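One structure is given here, and the rest of the page talks about it.
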Amino acid sequence: MMKKAVMQFTACCLAVGITLSSFGTVAFADNDRSMTLAGLSETSTVVSSSSTLVGLSETDTVVSTGGAQGATTTAETDTTAETADETIDPAAAASAGADTTDTTDVDTTSEETEVQTETEAVYDTSMSGQLAFAQCENYINVRAEASADGEVVGKVYNNGSVTILGQLGDWYEVQSGNVTGYVNAAYFATGEEAEEIASAVAYNVATVNAEGLWVHSEASEDSSTIAMVYSSDQLEVVAYEGDWMKVVLEDGTYGYINAWYVSYDTYYSTAETLEEEQERLDEQWLAYLAEQEAEAAAAEAAAAEAAAAETAAAEAAAATYTDTSSTTSSSTSSSSSLSEAQAAVDEAYQTYLEAQEAADAATQQADEQLVYDTYDEAVAAYQDYLSAVAAADELKYATTTDTSASTTTTDTSTAETTYTEASTSTETTYTETTYTEAAQTEAAQTEATTTSTSSSSSTGQSIANYAVQFVGNPYVYGGTSLTNGADCSGFTQSVFANFGISIPRTAAAQASSGTSVSLSDIQAGDLLFYSDGSGISHVALYIGNGQVVHASSSTTGIIISSYNYRTPVCARRYWS
């Protein structure tokens, strides 16, 4: 009975175009006839699913042939599918597929997949841990998001280092100092280029591990000792020579320590948060104000000294005048001239104080241009004051010389000769005084062009002359541009580069190279170095007559100062 039923079912299946394979795969062919299975309408299309139809197990696969033979979909690749294709009439299958295939769901799914692919951001970590260096004129913003519209959370200056965490499109996610965020990858050097930059800008530090460690004059235990350093002291390393390190001491001198007794670390310039940047600028501004106060105090002391000297000279002149009408007239005239000269000094000094006060007040406002304008006015007023002092000194010297000639000489021709010589001497003194005391660009340029022929032709003087033309240009931390901004060592490096002379990038490294020069023998073109108590912190270019040109601070920019506005600790020469 069961066998008969099975045979009847099989015959029925063949009648409607259903074929059973040994793998349980079912293929439907309409053969121009309509049919209905349990739960399926005439227009339904059956696709692969886990549901159970009559006579199918949960693992059976139903294949729809609603399109061309090449569009047949199956979850299994086996001989069953091939058998089904051979069994189905291609023309009938194409006809049935044209009427029964529902493409709405398929198209929607494809569209959603494309949108999802476009919006997905691929985060690449293949460069994670690599060091990269900023390459720009000034600085590069670090942003909270990988977008030019992202919030700025910090800044990394030229040649500053970052550690790459990953890459998102054209942006690196980086960590540098206390800053973590995104930077534009186009402005950072990596790989071999980064390695070259690293060797040039590295700051190497040795930390003493021993309780006490001798610093030797040479890289040998047999050499003399020049100092002792102690546990946890940190020294800047300027060279690594076998078992010895050449280091810089606090006073700017150099020595050697045994490398076995220290730990060695390399540091690079890192990014600043906006808060750290503001703190640094505030400190620089306070240092600038302190420098201005010191200069004002020195100017006031010089004015008081000049006034005292004038009074003493006037009294001495009065005591030596003869009791003749001509001498009395001359004395009266000289005294009057001296008084007028002193009045001019006092007036010029008062003008300078007012200009300086205006410059100080400008810093409390948000107008950066006003700061520079008032500063220039203060500089000009100070120059006028120095000129007035020089004029008073000239007059005082002439009066004293004239008095001496009148009281020691009876012969008229001799007196005239003495006066002529005194006048010549006076002119020479006036010129030298002006060069020595004038601290501004114009005076420096005048001095540079009126030195001796042999000095003007020297490379050192040429370097000095070239450097002073950039006075007034901005200071930019990490910068090397003579026009758009440089820091102290970037300024000196770029000046020397103009003459084909290559020097290291940092102030400390510059102080450890070149030829050592005694501070008593410095010449125009030499570099002077200053210490902050822990190592070399600043470098300036000596231009002669007690003056230097240097990239001072972000507030003052590139200026000319007295060489001993701070005490220099050493000098180096690169041009001989």
Side-chain angles (χ1 to χ4, degrees), residues 133-138 157-159 189 192-203 238-239 246 254 269 441 444-445 447-449 451-519 521-530 536 538-545 547-552 557-560 563 568 570-576:
F133 290 87
Q135 297 295 280
C136 58
E137 281 292 328
N138 193 346
Y157 290 85
N158 185 46
N159 287 333
E192 293 183 358
E193 184 181 0
E195 291 178 4
E196 293 179 2
I197 296 172
S199 63
V201 303
Y203 184 84
V238 296
K246 186 177 182 181
Y254 296 87
S269 175
T441 305
Q445 291 174 335
E447 182 275 331
T449 57
T451 51
S452 65
T453 303
S454 60
S455 177
S456 297
S457 62
S458 71
T459 303
Q461 188 62 59
S462 298
I463 293 172
N465 294 346
Y466 176 74
V468 297
Q469 68 179 303
F470 301 105
V471 169
N473 289 341
Y475 172 100
V476 174
Y477 177 75
T480 57
S481 172
L482 296 174
T483 54
N484 296 329
D487 57 20
C488 64
S489 56
F491 172 69
T492 53
Q493 185 185 53
S494 295
V495 167
F496 276 91
N498 182 70
F499 293 85
I501 302 174
S502 177
I503 67 176
R505 174 63 182 85
T506 64
Q510 291 175 11
S512 64
S513 301
T515 302
S516 178
V517 179
S518 171
L519 291 172
D521 296 328
I522 55 176
Q523 298 181 31
D526 291 342
L527 296 182
L528 301 187
F529 299 90
Y530 304 83
I536 301 298
H538 191 65
V539 59
L541 177 67
Y542 187 66
I543 60 175
N545 288 317
Q547 296 175 316
V548 293
V549 59
H550 57 136
S552 177
I558 299 174
I559 61 173
I560 292 176
Y563 87 101
C570 63
R572 292 278 162 171
R573 182 173 297 163
Y574 284 89
W575 47 268
S576 61

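From a predicted model like this one, the values you see are computed outputs, not experimental measurements. Just so it is clear, the values below take in all heavy atoms, side chains as well, and ignore hydrogens, waters and symmetry mates.
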### Task
Check side-chain contact (heavy atoms from CB on, under 4.5 Å) between S269 and all other residues, then give those that pass, not counting sequence neighbours.
Y477
### Message
With salt bridge (charged side-chain N to carboxylate O under 4.0 Å, His left out) as the rule and sequence neighbours excluded, what pairs involving residues 470-479 come up?
### Response
none
### Task
Please confirm whether the backbone N or O of L482 pairs with a side-chain atom of S494, one donor and one acceptor, at under 3.5 Å?
no
### Task
Give, for atom CD1 of I522 and atom CZ of R572, the distance between the pair rounded to the nearest 0.5 Å.
14.0 Å
### Query
Atom CG of D526 and atom CD1 of I543: how far apart are they, to the nearest 0.5 Å?
12.5 Å
### A509 to S512 - nearest heavy-atom pair and separation
O-OG, 2.8 Å
### Query
Got a second to check how far I559's CD1 is from H550's NE2, nearest 0.5 Å?
4.0 Å
### Task
Any chance you could measure S481, atom OG, to N158, atom CG, to the nearest 0.5 Å?
10.0 Å
### Query
Heavy atoms, side chains only, cut-off 4.5 Å: are S513 and Y574 in contact?
yes
### Task
Give the intermediate values and the outcome of side-chain contact (heavy atoms from CB on, under 4.5 Å) for residues V201 and T506.
CA-CA 7 Å; V201 303; T506 64; 5.5 Å; no
### Message
Contact between L527 and Y542 at the side-chain level, heavy atoms closer than 4.5 Å - yes or no?
### Response
no
### Summary
When every non-hydrogen atom of I536 is compared with those of A511, the smallest separation belongs to CG1-CB, 4.0 Å
### Query
Roughly how far, to the nearest 0.5 Å, is the CG atom of L519 from the CG atom of L528?
6.5 Å
### Query
Under the side chain to side chain donor-acceptor pair (under 3.5 Å) test, which residues partner E196, sequence neighbours left out?
none
In residues 495-505, what donor-acceptor pairs under 3.5 Å come from side-chain atoms, sequence neighbours left out?
residue: N498; atom: OD1; partner: Y466; partner atom: OH; Å: 3.4
residue: R505; atom: NH1; partner: D487; partner atom: OD1; Å: 3.3
residue: R505; atom: NH1; partner: S489; partner atom: OG; Å: 2.8
residue: R505; atom: NH2; partner: G478; partner atom: O; Å: 3.3
residue: R505; atom: NH2; partner: D487; partner atom: OD1; Å: 3.3
residue: R505; atom: NH2; partner: D487; partner atom: OD2; Å: 3.1

### Query
Going by atom types only, do T492 and Q510 share a side-chain donor-acceptor pair under 3.5 Å?
yes
### Task
Determine yes or no for a side-chain-to-main-chain donor-acceptor pair under 3.5 angstrom, with W575 supplying the side chain and I463 the backbone.
no
### Interatomic distance, C488 atom SG to Y530 atom OH [nearest 0.5 angstrom]
11.0 Å
### Message
side-chain contact (heavy atoms from CB on, under 4.5 Å) for V468 and I560? Distances and angles first, verdict last.
### Response
CA-CA 8 Å; V468 297; I560 292 176; 4.3 Å; yes
### Message
Suppose we screen for side chain to side chain donor-acceptor pair (under 3.5 Å). Which residues come up paired with N159, at least two apart in sequence or across chains?
### Response
Q135
### Query
Does the side-chain contact (heavy atoms from CB on, under 4.5 Å) test come out yes or no for Y254 and K246, once each step is laid out?
CA-CA 7 Å; Y254 296 87; K246 186 177 182 181; 4.0 Å; yes
### Message
For S199, give me all partners under side chain to side chain donor-acceptor pair (under 3.5 Å), at least two apart in sequence or on another chain.
### Response
none
